[in-house]
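Keep in mind that what you see is a predicted model, and the values were worked out from it rather than measured.
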Amino acid sequence: MEFPIHKTPEQWRELLAAKGAEPLAYAVLRQAATERPFSGRYEAHWASGRYHCMGCGQPLFDSATKFDAGCGWPSFSLALPGAVTERHDRSHGMLRTETLCSQCGAHLGHVFPDGPAPTGLRYCMNSAALDWQAPTA
């Protein structure tokens, strides 16, 4: 899968360090790692704003679509149009749908068909992949 933004592993590490990303961010974004449940900074974060890709800054989710799924990760019922790309993930002996930033290909988490109406979707994201920003005036 090709994405508009390309960087070397070292460039990604430097960019994330410059942004003050948490230490797990590179492993999550570029190696599809997963943070432990209930450990991410945005799991219980309820302020209004938008969640952006920690890698490239693209807006991904609006806080109005965030809900408490009780799963231990930030969960959203709807991604912003065109922000997320999906692909099959057969790792760990399961078939899941992986979510990636459509601009830089960063691993964000997975989407499941057990969310609230009207979408029925649960975008289960890693906090380390996200950068929340308050609304601008």
Side-chain angles (χ1 to χ4, degrees):
M1 201 175 274
E2 287 294 317
F3 298 94
I5 298 173
H6 300 275
K7 295 187 182 304
T8 67
E10 189 54 37
Q11 288 172 321
W12 282 119
R13 284 185 181 93
E14 289 172 7
L15 174 77
L16 293 170
K19 287 182 164 190
E22 57 188 273
L24 188 59
Y26 181 82
V28 168
L29 293 168
R30 307 316 310 169
Q31 299 170 328
T34 299
E35 63 199 9
R36 290 185 339 266
F38 302 101
S39 68
R41 64 181 166 188
Y42 297 128
E43 192 271 331
H45 182 260
W46 301 105
S48 294
R50 283 212 165 153
Y51 293 83
H52 296 244
C53 175
M54 181 54 83
C56 70
Q58 173 176 234
L60 301 168
F61 300 97
D62 189 273
S63 62
T65 67
K66 190 171 188 286
F67 68 99
D68 185 1
C71 64
W73 291 275
S75 297
F76 303 86
S77 60
L78 182 68
L80 293 171
V84 174
T85 298
E86 299 176 1
R87 73 175 169 199
H88 292 296
D89 175 4
R90 290 183 170 82
S91 65
H92 306 290
M94 299 179 271
L95 176 58
R96 300 178 291 173
T97 303
E98 179 183 14
T99 56
L100 307 152
C101 172
S102 65
Q103 289 298 300
C104 70
H107 171 78
L108 304 171
H110 293 85
V111 62
F112 301 96
D114 61 2
T119 66
L121 298 175
R122 174 174 55 100
Y123 287 87
C124 187
M125 303 293 99
N126 288 283
S127 288
L130 303 174
D131 182 25
W132 174 81
Q133 296 180 20
T136 55

Trainee: Test of understanding: with side-chain hydrogen bond (donor to acceptor under 3.5 Å, both in side chains), list the residues that count as partners of T34, not counting sequence neighbours.
Mentor: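 For T34 there are no side-chain hydrogen bond (donor to acceptor under 3.5 Å, both in side chains) partners, ignoring immediate neighbours.
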Trainee: Please, which pairs that meet ring pair (Phe, Tyr, Trp, His ring centres under 6.0 Å) have at least one residue in residues 103-125, sequence neighbours excluded?
Mentor: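 Applying ring pair (Phe, Tyr, Trp, His ring centres under 6.0 Å) to every pair that reaches into residues 103-125, excluding sequence neighbours, yields F61-Y123, H107-H110.
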Trainee: Can you list everything that forms a salt bridge (charged side-chain N to carboxylate O under 4.0 Å, His left out) with R122? Sequence neighbours excluded, please.
Mentor: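 If we apply the salt bridge (charged side-chain N to carboxylate O under 4.0 Å, His left out) test to R122, skipping adjacent residues, the hits are D114.
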Trainee: Apart from L24 itself, what residues make up its hydrophobic cluster when side-chain heavy atoms of I, L, V, M, F, W and Y under 4.5 Å apart count as a link, directly or indirectly?
Mentor: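 Reading the cluster by chain and number, L24 sits alongside V28.
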Trainee: Would you check if the side chain of D89 reaches a backbone N or O of S91 as a donor-acceptor pair within less than 3.5 Å?
Mentor: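 Checking the backbone N and O of S91 against the side chain of D89, a donor-acceptor pair under 3.5 Å is found.
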Trainee: OH/Y51 to OG/S63 distance, rounded to the nearest 0.5 angstrom?
Mentor: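 These two atoms lie 6.5 Å from each other.
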Trainee: Return the SG to CD distance between C104 and Q58, rounded to the nearest 0.5 Å.
Mentor: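 Those atoms lie 8.0 Å apart.
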Trainee: Do you know which two heavy atoms are closest between P135 and S48, and how far apart they sit?
Mentor: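 Looks like CD-O, 3.2 Å.
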Trainee: Tell me, yes or no, whether the heavy-atom count around H88 atom NE2, taken from other residues, nucleotides or ligands under 6.0 Å, exceeds 12.
Mentor: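 Open.
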Trainee: Give every residue pair that meets the salt bridge (Lys or Arg N to Asp or Glu O under 4.0 Å) criterion with at least one member in residues 98-108, sequence neighbours excluded.
Mentor: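 Of all non-adjacent pairs touching residues 98-108, those that pass salt bridge (Lys or Arg N to Asp or Glu O under 4.0 Å) are R87-E98.
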Trainee: Using links of under 4.5 Å between side-chain heavy atoms of ILVMFWY residues, direct or through other members, which residues join L95 in one cluster?
Mentor: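 Besides L95, the cluster holds no residue at all.
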Trainee: Who passes side-chain hydrogen bond (donor to acceptor under 3.5 Å, both in side chains) against Q31, sequence neighbours left out?
Mentor: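 Per chain and number, Q31 pairs via side-chain hydrogen bond (donor to acceptor under 3.5 Å, both in side chains) with no residue.
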Trainee: Sequence neighbours left out, what passes side-chain hydrogen bond (donor to acceptor under 3.5 Å, both in side chains) with T8? Give chain and number order.
Mentor: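 If we apply the side-chain hydrogen bond (donor to acceptor under 3.5 Å, both in side chains) test to T8, skipping adjacent residues, the hits are Q11.
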Trainee: For residues 9-20, which residue pairs qualify under salt bridge (Lys or Arg N to Asp or Glu O under 4.0 Å), counting only residues two or more places apart or in two chains?
Mentor: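 Residue pairs with at least one partner in residues 9-20: there are none.
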Trainee: For R41, which residues count as a salt bridge (charged side-chain N to carboxylate O under 4.0 Å, His left out) partner, sequence neighbours excluded?
Mentor: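 Testing R41 for salt bridge (charged side-chain N to carboxylate O under 4.0 Å, His left out), a comparison that skips the adjacent residues, returns E22.
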Trainee: Donor-acceptor pairs are to be reported for all side-chain atoms of residues 65-82 against protein atoms at under 3.5 Å, with residues two or more places apart or in another chain.
Mentor:
| unit_1 | atom_1 | unit_2 | atom_2 | d |
| --- | --- | --- | --- | --- |
| T65 | OG1 | D62 | O | 2.8 |
| T65 | OG1 | L78 | O | 3.2 |
| K66 | NZ | Y42 | O | 3.0 |
| K66 | NZ | E43 | O | 3.3 |
| K66 | NZ | H45 | O | 3.1 |
| D68 | OD1 | G70 | N | 3.0 |
| W73 | NE1 | E35 | O | 3.0 |
| S75 | OG | W73 | O | 3.2 |
| S77 | OG | T65 | O | 3.4 |

Trainee: Atom CG in L121, atom OG1 in T99: separation rounded to 0.5 Å?
Mentor: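 Going from the CG atom of L121 to the OG1 atom of T99 covers 11.0 Å.
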Trainee: Transitive ILVMFWY cluster of I5 at side-chain heavy atoms under 4.5 Å: who else is in it?
Mentor: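 ILVMFWY cluster around I5 also holds W12, L15, L16, Y26, L29, M54.
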Trainee: Could you measure the distance from the CG atom of L60 to the NE2 atom of H52? Nearest 0.5 Å is fine.
Mentor: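 Rounded to the nearest 0.5 Å, the CG-NE2 separation comes to 8.0 Å.
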Trainee: Please round to the nearest 0.5 Å and tell me the distance separating atom CG of L108 and atom CG of L100.
Mentor: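 If I round to the nearest 0.5 Å, the distance is 6.5 Å.
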